Structure formats: structure tokens, C-alpha cells
Amino acid sequence: MESGLISVDRWTKGSQAYFLTHMHSDHTRGLSGVWSQGPLYCSRITASLFPSRFPNFDLSLLRVVPISSWTSLSLRSPSSGSAVSLHFMAIDAHHCPGSLMFLFRGDFGCFLYTGDFRWDADESDEAKNTLVAAINESPVDILYLDNTYCNPIYSFPSRQVAANLVADIITSHPSHDIIIAVDSLGKEDLLVHVSRILNIKIWVWPERLLTIHLLGFQDIFTTNTTCTRVRAVPRYSFSIQTLEGLNTMCPTIGIMPSGLPWMKRPFKRDDDKLFGSLLTATYETIPRAVHRFHDYMYTVHYSDHSCYEEIGEFIELVKPKSMKGIVVSSSCYVDPLYYFGRICGTSQPPQVLLMRPDPAEQLRAVRIKSYSASDKTLVLEKEKKRKRGDSHSSLMRIKKRARIQVKSAKISEVD
DNA sequence: GCGATCAGCT
DNA sequence: CACAGCTGATCGC
């Protein structure tokens, strides 16, 4: 597809329409309160998070998209100036609140960009039915796939099953305080489930409560530590050390919901020089859905990304002519064609199992996100790449204030 | 002081 | 390793 038309989760200059799959910061890098490159298409929930995430953002740029129905856009070819017609459909990605996949259709063909997604949908799920119907109309030429867990080692249960496991851990510790690690957006359904099963409120830090209220949750969450023993805390403040500290005050266990298999660090020998040698290190992978990682810490395989099996089912459903992974940051990046290329037909090139892309290669791969096909453009865009902005600075003062509030809340709960 | 970027950490 | 972040240092304005 010609460059200069649309970008998905990329915010550099040069596109006529910008698409945001969801409000996680690795997808909004480059967005800021002063960004104004063009119209930005996203879900209603994502749009509602803009004022708090990006103060001063020009909200008139936002275009809330309908779910599961087609929208037409009229763009201009940057090279010829002629009109280009493009249709897109947003589909629920079930990754975090407001997350979407985008299906694009035009003279260039048909692309499906999944963003991050979890395919633990059942047969009656609207996303699945929408996708099946749309693909029957016209097949997908290129699937841009969330390949985070595109490896058979990544096997874990549905979120519903995992949520029950979390509830089981809590009920089996009736007089413990519980802390659950979460990020700034996502896993609300897990917390709601725990709340319903245990008939208990969930403490969250004040800034998180603001987000939760914007998402439309009511009553279940509180910032008052005295009315619950279950607290959701930022993942970055969640560690064995934190738990050991809390246990000097009150018996407390931590629960880490994550799709990553919990790996222990390489065994440290007396000879420290051996540390870091991946060839000689011994790793222990934990395949169980629940693991008592430490006296005070459990890990549960609760994931907002699809497991290997679900990725396979998804590709089988979409049957794309070709596909590309959109996650390139991992050093164990797996080309989805390696495991699932057969679904795409026989004309695929030989595949790479594991590759560690060098930085230049990563840069190239990231360009996939803006559908830049021309090599000339790649070179130009490479230079522009330095101009990336970041949003977190514009929020720093506000966040600093919020942090102080979180800290005082922590202090008061310890005292 | 402010915003942007990067190294370091989990 | 690193799901999706946060923190602190540094640099230019």
C-alpha cells in the first residue's frame, strides 16, 4: 500500500488519518498534548481517556469509530493527488477496555491490523461473528498480528478460568491482606470478578480510580484502605521486597497476573563470571497456571494477549494470504509464519524460528505499522524517526502529585 | 523550570 | 528474557 495515507499506533508526520488501537503507552509513544498531525480514529472508551492522559490535547481531532460496521474515508494519493477511497471496520480486540482491531479495505487490498488482542472469545462473540462475515466478503491479504505469545511454550487458560484461580487463592487466605499487581489500564474484569465472588470492594490508588470511573465502573472500587483487604497496586511497586515489608505489619500475599511464564533467574554460582552466560545458565519454567513463587507471592497466568493456541485458531479463522508480527521488541521474536505459515498457503518464503533483530532491522520492522511499502519512503521516514515525542513528560507534574498521594495512602495503611 | 530522551529496572 | 510500564539522570531551551 502506498505510504502517506494512514498510520496505526504511529504518530509521526505524513499520514492523512491516524488510528489508535488502545491506550497503552507502548502504542501511544509519540502522542502528546500538542500532537495535531491529523484526525485520530479510536474507540469511545479510548477517546474518553484522552483528557487525563494527554492534557491540552485537541479533542476535536478525535473520531470515535463505530464497532463492527464499515466507515468510508476519502483520502488523496500523495503521489498522484487523485482520490483514494478506503473503508475500515473496528472490531473489539478484547485486550483492554476500549481496545480495537482495524480491518482496512481499498484498492490496495484488504489488511487486518489486530493491535494487541486476546482471542478467548466464545462462539457467540460479536467480534468473531463480525470478522467471519467481513472476511467472507473479501479475504485478508495481509494480517498484522499480535505475535507476543506466538510460541507453543505459551499455553495458559482463558481469563475466566484464571480469574477463578485468583479468587481461589484469596479465599484460601481468609485472614490475609491481598495485593494484586495491575497496570494503568486493563485487568478491571479480573478485579470485578474477585469483588463479586468475595463480595468485597477493591482498593486502587487515586489516579487509577479516576481511570476506572471514566470506564464506567461504579461502587466496586475504593481508595479507602479501611474497607477492604484486597488492593490493586501498580506493577512497578510490586516485588518480594514490598511484600516482605508489608508482612512485618500484617500477613499479606501478592498475586501477579501475567501471561509470561515465570522464569527464575539463572542460578548464581560462586563464580560470578558465569552469571549472564545464557548458554550455561539453568532456567526453570513454570508451566502451571498458578504458581506459589514465594511464601508471599503467587503468579497466575492471566493474560490480555492470546496464547499460542488462540493465535492459531485466529489465523485459521482469518486465513490471510500473508501475515507479519507487529511485536518486534522481544529478543525472542517469532515470525508467525514459522508456526502458521502453512495456513497462508504454500507460496511463503522459508521462515525464521528465532531471530534477534539488530536495531536497524527493528526500525525497519516497526515501519510495518504505518504500512509504508516503498523503500524510498523508508529512508526518508528513518530520518524523521528522531522527531518522536513522548507524552509522559507533559503529565509529569500531575503524576508526581498523584504519586505523593499514593505514597501517603500507603503510609497510612501501614501505620 | 520545562519538555524530551535514555538507561535501568521490574 | 520483559506483558507494560515507572524512575531518575541528563540535555537543550
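A, B, ... follow the sequence lines: proteins, then strands. Residue 1 opens every chain. Because the structure is predicted, anything quoted here is derived from the model rather than measured.
Using a 4.5 Å cut-off on side-chain heavy atoms (C-beta onward), A:Pro97 and A:Ile45 make contact.
In this structure, CZ in A:Phe340 is found 9.5 Å from CD in A:Glu313, a value given to the nearest 0.5 Å. From A:Glu310, atom CD reaches atom CZ of A:Phe117 across 8.0 Å, with rounding to the nearest 0.5 Å. One distance of note links OG1 of A:Thr222 with CD1 of A:Ile202; it measures 10.5 Å at 0.5 Å rounding.
Between the NE2 atom of A:His305 and the P atom of C:dA2 there is a distance of 12 Å, rounded to whole Å. When rounded to the nearest whole Å, the span between CE of A:Met256 and C1' of B:dC9 equals 13 Å. Taking atom CE of A:Met23 as the reference point, atom P of C:dC3 lies 20 Å away to the nearest angstrom. Atom CG of A:Asn151 is separated from atom P of C:dC1 by 17 Å (rounded to the nearest Å). The separation between A:Tyr302 atom OH and C:dA4 atom P is 14 Å, rounded to whole Å. If you measure from atom OH of A:Tyr236 to atom C1' of C:dA4, you get 12 Å, rounded to the nearest angstrom. In this structure, A:Phe238 atom CZ and C:dA4 atom C1' are separated by 15 Å, rounded to whole Å. When rounded to the nearest whole Å, the span between CD1 of A:Ile153 and P of C:dC3 equals 13 Å.
Between the base of C:dC6 and the side chain of A:Arg235 there is no donor-acceptor pair shorter than 3.5 Å. Contact annotation: side chain of A:Thr148 to base of C:dC3, donor-acceptor pair absent below 3.5 Å.
Of the side-chain N and O atoms in A:His301, none sit less than 4.0 angstrom from OP1 or OP2 of C:dC3. In this model, the phosphate group of C:dC3 is not approached by any side-chain N or O of A:His24 to a distance below 4.0 Å at OP1 or OP2. Between C:dG5 and A:Ser184, a contact under 4.0 Å exists linking OP1 or OP2 to a side-chain N or O.
In this pair, A:Phe50 and A:Phe54 present their aromatic rings tilted. The plane angle is within the 30 to 60° band.
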Pairing string of DNA chain C (Watson-Crick or G-U wobble, both atom distances under 3.5 Å; | = paired to other strand) is ...||||||||||
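Using a 4.0 Å heavy-atom criterion, one finds that A:His95 contacts the sugar-phosphate atoms exclusively. Backbone-only engagement by A:Asp116 is indicated by non-hydrogen atom pairs under 4.0 Å involving sugar-phosphate atoms exclusively.
Aromatic pair A:Phe156/A:Tyr149: ring centres closer than 6.0 Å.
Going from the C1' atom of C:dC3 to that of B:dT5 covers 23 Å, rounded to whole Å.
The shortest non-hydrogen separation linking A:Ala167 to A:Ile197 is CB-CG2, 4.0 Å.
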